[in-house]
Amino acid sequence: MRLSRYFLPVLKEAPSDAQIVSHQLMLRAGMIRQEAAGIYAWLPLGLRVLKKIEQIVREEMDRAGAIELLMPTLQLADLWRESGRYDAYGPEMLRITDRHERELLYGPTNEEMITEIFRGSVRSYRDLPKNLYHVQWKFRDETRPRFGVMRGREFLMKDAYSFDLDAEGARKAYNRMFVAYLNLFGRMGLKAVPMRADTGPIGGDLSHEFIVLAETGESAVFCHKDLVEMPAPGPDVDWYGDLQPLVNKRTALYAATEEMHDEAAFNALPEGDRLSARGIEVGHIFSFGTKYSEPMKAVVTGPDGKDVPVQMGSYGVGVSRLLGAIIEASHDEAGIIWPESVAPFHVGIVNMRQGDAACDAACETAYAALKAAGKDVLYDDTDARGGAKFATMDLIGLPWQLVVGPKGIAEGVVEIKNRKTGERHTASLDSVLEGLTESKTA
RNA sequence: CGGAGCGUAGCGCAGUCUGGUAGCGCGCCUGGUUUGGGACCAGGAUGUCGCAGGUUCAAAUCCUGCCGCUCCGACCA
């Protein structure tokens with residue numbers, strides 16, 4: 001993408017409404033624009049990152065055996081009356097009436113609808129297990145939206161729903177999501193710690209929140225410090241085998257959110273192992289048995305010929321919130337530092353002297369070569385000064401900056417800078433391009 | 001929803017107390033000089049001062065109502 005043709009409205013100063021660094025940086029980097037309290041338009045740069053995150057989530061869901069579909073944002077009130085949640089959910093649910101005076105709601109979550117879809121098509125235990133998910137916009141009419149996309153009213157969520165014949169199957173489904181979540185957050189460069197959590201209005205008795213530690217986190221959390229650095233299991237696990245040991249390795253160590261915190265158990269840890277911090281909830285998984293399948297009559301015929309309500313679980317990832325969480329975890333004074341896996345562009349080309357024939361030619365060569373190699377590249381072909389160009393590149397946090405200037409060109413070299421480490425090297429354009437096109441696209 | 005605060009140019013702000021017809025920095029436009037980490041000079045454009053009433057000769061400024069946004073708390077992916 002040529003910057004001169006792109007839409008990247010960067011700001012030098014942060015709007016005063018933005019309080020936390022991720023919100024400020026998203027506004028300054030031209031990623032989002034606020035339209036109302038807790039409601040944001042996604043500008044081109046922000047949308048690129050959103051889609052990359054969404055895609056990682058999708059790939060890890062698919063790997064763990066979940067199947068994607070797409071449910072609508074609007075739902076009929078009657079569906080929620082079946083589970084009893086239409087009245088129970090309260091004012092956080094945005095209720096709408098159509099021209100026929102039919103009561104609708106803008107979905108805050110989809111347990112009812114997926115249960116309705118499931119019961120309409122599945123009759124036999126032979127069709128189990130199943131895990132269906134979608135990535136869709138949700139609306140929760142928060143009393144107090146804040147911190148930009150971290151607590152918006154409209155937000156993008158991945159929600160998966162598992163269906164099993166019995167408790168043992170449900171536990172396996174839960175474990176698959178547990179491991180998938182470790183992997184998916186790991187791929188985004190996040191250290192997300194699973195913690196015992198309250199189940200809230202979703203219900204059920206088994207639940208973990210995945211928490212990214214950050215000073216600006218909304219919840220107080222307590223855990224064993226070893227959990228923070230524990231690496232993700234990776235993709236090569238036996239998804240339909242026994243994942244319990246992998247899960248146990250994490251759940252054996254103390255980790256709880258404020259609501260589930262057990263001061264005595266925490267204090268039993270050696271003092272050096274205790275970590276008391278603040279965290280951002282980026283995922284939440286639940287196993288809730290027959291809470292929905294029973295009242296909504298989602299039953300399958302078991303091997304014994306008798307109908308039983310299916311065992312269910314639900315698994316959410318706050319996709320739009322992850323942008324904020326990643327920035328909170330990865331930035332410096334100059335701006336965002338994107339992990340390569342979610343960066344909006346892999347490399348930015350900085351033409352120090354737009355209009356200089358040699359510089360322009362070298363940049364065009366680099367631009368074409370990188371695009372041909374399948375790299376997302378942002379070419380700053382504007383006539384802004386070098387300093388301003390560097391500031392923009394640093395702000396939007398691209399992993400690599402390829403600097404082409406007249407001094408270097410005269411000596412036959414260009415500069416390549418790593419945003420994260422700040423390291424700069426000069427080398428011939430060819431060898432720099434070779435390095436960039438070979439480098440891993442995590 | 002309880003408490004607090006803020007709405008003036010694209011962004012950051014001053015002006016409001018003490019009423020006199022709107023300003024600063026950045027950004028933007030034009031021309032020129034520049035050019036290796038947010039340049040300089042000269043010129044220029046941009047506002048229903050959140051909205052609606054009221055008081056007054058006169059309202060960004062005072063009064064009333066409404067709307068929007070933010071922060072603390074309670075609640076939540």
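Quick caveat, the model's predicted, so the values are computed rather than measured. These numbers come from the heavy atoms of this one structure, side chains and all, not from hydrogens, waters or symmetry mates.
Listed by first then second residue, pairs satisfying ring-ring contact (aromatic ring centres under 6.0 Å, His included) with a partner in residues 309-328 of chain A number zero, not counting sequence neighbours.
Phosphate contact (OP1/OP2 of B/A39, side-chain N/O of A/R385, threshold under 4.0 Å): present. In this structure, A/S16 reaches the B/G12 phosphate: one of its side-chain N or O atoms is under 4.0 Å from OP1 or OP2. A close approach under 4.0 Å does not occur between any side-chain nitrogen or oxygen of A/Q34 and OP1 or OP2 of B/G68.
For the residue pair A/S341 and A/R187, the shortest heavy atom distance occurs at OG-O, 2.6 Å. When all heavy atoms are compared, the tightest approach of A/P295 to A/T290 is CD-O, 3.7 Å. Residues A/I349 and A/M393 share a closest heavy-atom pair of O-CE, 3.8 Å.
Whole-Å rounding puts the A/R353 CZ to B/G36 C1' distance at 9 Å. In this structure, CG of A/N351 is placed 15 Å from P of B/G37, rounded to the nearest angstrom. Straight-line distance from the CG atom of A/L11 to the P atom of B/G38: 19 Å, rounded to whole Å. To the nearest angstrom, P of B/C69 lies 10 Å from OH of A/Y40. Distance A/Q401 CD to B/G38 P: 14 Å, rounded to the nearest Å.
Looking at heavy-atom distances under 4.0 Å, A/E92 makes contact with sugar-phosphate atoms alone, never a base. No contact: A/K158 has no heavy atom under 4.0 Å from any strand. Counting non-hydrogen atoms under 4.0 angstrom, A/G408 reaches a base of the nucleic acid. Among the heavy atoms of the strands lying under 4.0 Å from A/A36 are primed sugar atoms or P, OP1, OP2 only; no base atom is included. The residue A/G316 sits apart from the nucleic acid: no heavy atom pair falls under 4.0 Å. Within the nucleic acid shown, A/G422 has no heavy atom closer than 4.0 Å to any nucleic acid atom. Within 4.0 Å (heavy atoms only), A/P406 reaches at least one base atom of the nucleic acid. As judged by a 4.0 angstrom heavy-atom cut-off over every strand, A/V317 is placed among residues making no nucleic acid contact. Among the atoms of the strands shown, none is found under 4.0 Å from any heavy atom of A/D159. Heavy atoms of A/A14 sit under 4.0 angstrom from primed sugar atoms or phosphate atoms, though from no base atom.
Within the shown strands, B/G68 is the pairing partner of B/C6 under the Watson-Crick or G-U definition, both distances less than 3.5 Å. Base pairing annotation: B/G43 forms a Watson-Crick or G-U wobble pair with B/C29, both donor-acceptor distances under 3.5 Å. Nucleotide B/A74 is matched to nothing when pairs are restricted to Watson-Crick or G-U wobble geometry with both distances under 3.5 angstrom.
Considering only heavy atoms from C-beta on, A/L323 stays 4.5 Å or farther from A/S22 through its side chain.
You'll find a donor-acceptor pair under 3.5 Å spanning the side chain of A/R28 and the base of B/G38, going by distance alone. The base of B/G37 is paired with the side chain of A/R424 by a donor and an acceptor separated by under 3.5 Å.
Across the P atoms, B/C17 and B/C6 are found 14 Å apart, a figure rounded to whole Å. The P atoms of B/A9 and B/U33 are separated by 35 Å, rounded to the nearest whole Å. As rounded to the nearest Å, B/G37 and B/G7 have P atoms that lie 39 Å from one another.
A donor atom on one side chain and an acceptor atom on the other are not found under 3.5 Å apart for A/Y6 and A/D381.
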Between the protein and nucleotides 22-32 of chain B, list the N/O to N/O atom pairs that are separated by less than 3.5 angstrom.
{"from": "B/G25", "atom 1": "N2", "to": "A/E13", "atom 2": "OE1", "distance (Å)": "2.9"}

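A/H261 and A/Y254 have perpendicular rings, their planes meeting at more than 60° on a 0 to 90° scale where under 30° would count as parallel.
A salt bridge links A/K52 with A/D376: the closest approach of a Lys/Arg side-chain nitrogen to an acidic carboxylate oxygen falls below 4.0 angstrom.
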